[in-house]
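A quick write-up on the structure given underneath.
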Amino acid sequence: TFGPQDTVTSQKVAIVSERFAKTYFPNTSPIGHTYAIGDPNGLWQMRIIGVVKDVKFEQINEPAQTLDYAFYQQHSQYEQNLVVRYDAGNGADFNTISAEVQQTIHSIDHTLPITWIKSLNEQVSGSINQQRTVAQLSTFFGLLAVFLSCIGIYGLMSYMVSRRTNEIGIRMALGAERSSVHWLVMREIILLFGIGLGLGIPVTLACGRIVANMLYGITAADTPSLVVSAVSLLLVGLLAGWLPARRAASIQPMDALRTE
């Protein structure tokens, strides 16, 4: 990294990103090599003294870029930016620190304009506004789809129970336990969900490429997410079918036999 040996009059130095090193110095260490920056009328020879990991420069989902870091004392045009790090664990908040920093700057030069004051959290938050909006909309429509599925499952199972009332009555008249009648209904729900998941998961994996560029920190074929989604849908389906199953198990045999 930069050290006390780097001064205004010494050799201009730079630290480069891993992407920079792999792009311009493949299969070799870039340390000690030089490269030029600037325009044809004034090129600066920069000597590489270090390599650092790639970072997100503007967007959180952007690919790695070829970045280089220059020593600010050797490049006065970059001295317009100031970054302050503080310890939020001691009760300090961003507004307080910001006011104190501005006051210190104006105590040196009260005419110096200060603009674009933001915290790192605000910058990160602003860079993912689009992704956050898509995620919120996806969550809303996902929950709406689950809600509609619950209504559909409940209506389907209620209709099925009403159509099989005579059959249930005969089973109970012949000695069937209420628990077996309850399981008769729940078993069909599990079967339907098994078929649905068996068809839905392959389709999800096949269509994962469509949403791959909208995901961050996770893949379209993320196993834990698929397992949690499948189990959640199964639980929702069991909950939606529990009331019809309970109603079927509570039917009196004589009432069921009279039903047309």
Side-chain angles (χ1 to χ4, degrees), residues 1-133 135 213-218:
T1 184
F2 303 118
Q5 69 275 12
D6 302 313
T7 63
V8 176
T9 58
S10 66
Q11 165 72 47
K12 288 181 169 56
V13 292
I15 299 172
V16 300
S17 65
E18 289 181 340
R19 181 64 178 175
F20 187 107
K22 293 176 182 178
T23 301
Y24 298 110
F25 300 94
N27 304 320
T28 185
S29 172
I31 304 298
H33 289 271
T34 60
Y35 65 97
I37 62 173
D39 55 65
N41 297 325
L43 289 176
W44 292 339
Q45 294 295 324
M46 309 288 292
R47 183 167 59 87
I48 301 174
I49 62 171
V51 179
V52 295
K53 290 187 176 297
D54 296 322
V55 298
K56 304 297 182 181
F57 191 66
E58 291 183 349
Q59 300 294 327
I60 201 168
N61 60 346
E62 68 182 16
Q65 299 189 39
T66 55
L67 300 178
D68 59 340
Y69 302 86
F71 190 44
Y72 77 96
Q73 289 186 356
Q74 296 179 344
H75 301 273
S76 59
Q77 72 271 26
Y78 297 141
E79 293 182 2
Q80 59 185 337
N81 301 320
L82 177 65
V83 180
V84 178
R85 180 167 61 183
Y86 65 94
D87 186 4
N90 295 329
D93 65 289
F94 172 73
N95 293 329
T96 302
I97 296 297
S98 174
E100 293 179 356
V101 170
Q102 293 181 69
Q103 183 178 359
T104 302
I105 294 174
H106 284 153
S107 67
I108 300 173
D109 185 354
H110 66 88
T111 63
L112 190 65
I114 302 176
T115 60
W116 208 71
I117 304 171
K118 286 187 176 182
S119 68
L120 180 59
N121 288 336
E122 289 176 334
Q123 287 187 257
V124 173
S125 178
S127 70
I128 58 174
N129 280 334
Q130 180 179 356
Q131 291 86 345
R132 182 186 294 109
T133 301
N213 61 343
M214 300 170 60
L215 303 176
Y216 174 73
I218 193 174

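Everything quoted here is computed from the prediction, not taken from an experiment. In what follows, every heavy atom counts, from backbone to side chain, and hydrogens, waters and symmetry copies are set aside. Residues take their numbers from the sequence shown, with the count starting at 1.
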On a heavy-atom basis, the closest approach of Ser17 and Asp54 is CB-OD1, 3.4 Å

The reported gap from CD in Glu18 to NZ in Lys53 (rounded to nearest 0.5 angstrom) is 4.5 Å

Discussion item. Using a 6.0 Å cut-off, check whether atom CD of Gln130 has over 12 heavy atoms from anything other than its own residue.
Written reply: no

Taking every heavy atom of Phe71 against every heavy atom of Asp6, the minimum-distance pair comes out as CE2-O, 3.1 Å

**Asked** Gln74 side chain to Thr7 main-chain N or O, any donor-acceptor pair under 3.5 Å?
**Response** yes

After noting the C-alpha distance and the side-chain angles of Lys56 and Glu62, does the key distance pass the side-chain contact (heavy atoms from CB on, under 4.5 Å) rule? CA-CA 7 Å; Lys56 304 297 182 181; Glu62 68 182 16; 4.3 Å; yes

- Is a side-chain N or O of Ser98 found less than 3.5 angstrom from the main chain of Phe94, in a donor-acceptor match? no

Minimal heavy-atom distance between Pro30 and Ile48, with the atoms involved, is O-CB, 3.5 Å

Taking every heavy atom of Ile15 against every heavy atom of Thr1, the minimum-distance pair comes out as CD1-CA, 3.7 Å

- prompt: How about Trp44 and His75: do any of their side-chain heavy atoms sit closer than 4.5 Å?
  reply: yes

Closest heavy-atom pair, Tyr86 versus Asp93, reported as atoms and distance to 0.1 Å, is OH-C, 4.0 Å

With sequence neighbours left out, the residues meeting side-chain contact (heavy atoms from CB on, under 4.5 Å) with Arg132 are Ser125, Ile128, Asn129, Gln136

Check your understanding: Can you check side-chain contact (heavy atoms from CB on, under 4.5 Å) on Val16 and Phe25, steps first, answer last?
Key -> CA-CA 11 Å; Val16 300; Phe25 300 94; over 6 Å; no

Glu122 meets the salt bridge (charged side-chain N to carboxylate O under 4.0 Å, His left out) criterion, sequence neighbours left out, with none

Output for pair (Asn95 CG, Glu100 CD), nearest 0.5 Å, gives 11.5 Å

- Item | Donor-acceptor under 3.5 Å (Gln45 side chain, Gln11 main chain) | no

With a cut-off of 3.5 Å and sequence neighbours excluded, list every side-chain donor-acceptor pair involving residues 105-117.
unit_1, atom_1, unit_2, atom_2, d
His106, NE2, Leu112, O, 3.1
Ser107, OG, Thr104, O, 2.4
Asp109, OD1, Thr111, N, 3.1
Asp109, OD1, Thr111, OG1, 2.6

Shortest non-hydrogen pair, Lys22 vs Pro26, comes out as O-CB, 3.6 Å

Worked verdict on Val51 versus Phe20 for side-chain contact (heavy atoms from CB on, under 4.5 Å): CA-CA 9 Å; Val51 179; Phe20 187 107; over 6 Å; no

Does Gln123 CD have over 12 foreign heavy atoms under 6.0 Å away? yes

